[in-house]
There are 2 protein chains.
Amino acid sequence: MRKDTSTNALNEKFINDTCGMGRALNIVGGRWKPAILYKLYRTTMRYGELKKSIDGISERMLVAQLRELEEDKVIERIVYPEVPPRVEYRLTDLGRTMGPMLEAMSNWGDLHREKTGDQTKGSSND
Amino acid sequence: MRKDTSTNALNEKFINDTCGMGRALNIVGGRWKPAILYKLYRTTMRYGELKKSIDGISERMLVAQLRELEEDKVIERIVYPEVPPRVEYRLTDLGRTMGPMLEAMSNWGDLHREKTGDQTKGSSND
DNA sequence: CAGCATCCGGTTTGATACTG
DNA sequence: CAGTATCAAACCGGATGCTG
């Protein structure tokens, strides 16, 4: 057990920030958001690249999720007024502040996989 | 019950497999999961207590989410073989390792709220 | 008390076809 | 290339009633 201030402070944070947590979840927690963010966190990508790299996603969903992330100010949409249309997506500065959170999530996900001996390994039909 | 054969489920599985992040999201990312987890993060609780403390949740959902969390090994279900049935729920050790992640999410949600100057702040305390 | 079964409506998603 | 439009299916969650 930790000091009251420690554990309590942490708990208190959860209490006061259940919404903050919900907000975070709302932004990164869509069905395709993780995949999109995962890609964009590494590099800027074009619409078509994203579509190809995220296997199974439909245009409808890709656009929808992209728009949401854009609205949440975590990604940026850059349109190049060229003859063959070109649109690039990349994280905003705010988007980059997700780093620690995403890492924490990723780490815990890995830990959880270890501890539970994961079953959902990529052997799913696809 | 959800059909594993549906395209939907397949895609979801794929996402969860993409990285630990998806896995983490899948576990804490339900509609009521945050609320349940934050309650149980503080203390062990009985089914009825949870139901009462989480305002608005239906039995159907509470049980469903509880079962999922249990299956994910982050919470524990303890049944007391007493005449008036008594069932308690509490975090497992693995569940407690979520602390840093939950905090990171909470923090970022907070930061995001500041940066975007949003309004969603209806923290309903106990 | 704890929890499951069933029905039902609203929302999300996927597939497909079409446009600038 | 980068989307938009539309329809139907799947899913989610709520309300209600029933059981041990």
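Since this is a predicted model, take the numbers as computed values, not measurements. Residue numbers start from 1 in every chain, and the chains themselves are labelled A, B, ... in the order their sequence lines are given, proteins ahead of strands.
If you take CD1 of B:I36 and P of D:dG13, they are 11 Å apart, rounded to a whole angstrom. The interatomic distance linking B:E88 (CD) with C:dA2 (C1') rounds to 13 Å, in whole Å. C:dT16 atom P lies 13 Å from atom NZ of A:K51, rounded to whole Å. Between B:Y80 atom OH and C:dA2 atom P the separation is 12 Å, expressed in whole Å. In this structure, A:N26 atom CG and C:dT11 atom P are separated by 15 Å, rounded to whole Å. Put simply, CD on A:E59 is 10 Å from P on D:dT4, counting in whole angstrom units. Atom CD1 of B:I57 is separated from atom C1' of D:dG14 by 11 Å (rounded to the nearest Å). In this structure, CD of B:E70 is placed 15 Å from C1' of C:dC4, rounded to the nearest angstrom.
Here C:dG14 is the nucleotide among C:dA2, C:dG14, D:dT4 with the atom lying nearest to any side-chain atom of A:S58. Picking from D:dG13, C:dC4, C:dG20 the nucleotide with the shortest atom distance to the side chain of B:R67 gives C:dC4. Side-chain proximity of B:W32 to D:dG14, C:dA2, D:dC1: nearest is D:dG14. Closest to the side chain of B:V63, from the set C:dC4, C:dG20, C:dC1, is C:dC4.
For D:dG3, one of the phosphate oxygens OP1 or OP2 lies less than 4.0 angstrom from a side-chain nitrogen or oxygen of A:Y89. OP1 and OP2 of C:dC7 both lie 4.0 Å or more from every side-chain N or O belonging to B:R60. An OP1 or OP2 oxygen of D:dG3 is reached within less than 4.0 angstrom by a side-chain nitrogen or oxygen of A:R77. Between B:R46 and C:dA2, a side-chain N or O to OP1/OP2 separation shorter than 4.0 Å is present.
Where B:L66 and A:M61 meet DNA chain C, the nucleotide closest to each residue was compared, and B:L66 sits on the side nearer the 5' end.
Taking a cutoff of 4.0 Å between a charged side-chain nitrogen and a carboxylate oxygen, A:R96 and A:D93 do not qualify as a salt bridge.
Between the side chain of A:R42 and the main chain of A:Y38, a donor-acceptor pair closer than 3.5 Å is present. Although no hydrogens or angles enter the test, the distance criterion places a donor-acceptor pair under 3.5 Å between the side chain of B:T92 and the main chain of B:K73. Looking at A:N107, its side chain does come within 3.5 Å of a backbone N or O of A:E103 through a donor-acceptor pair.
Side-chain contact check for A:K33 versus B:L25: every heavy-atom pair is 4.5 Å or farther apart.
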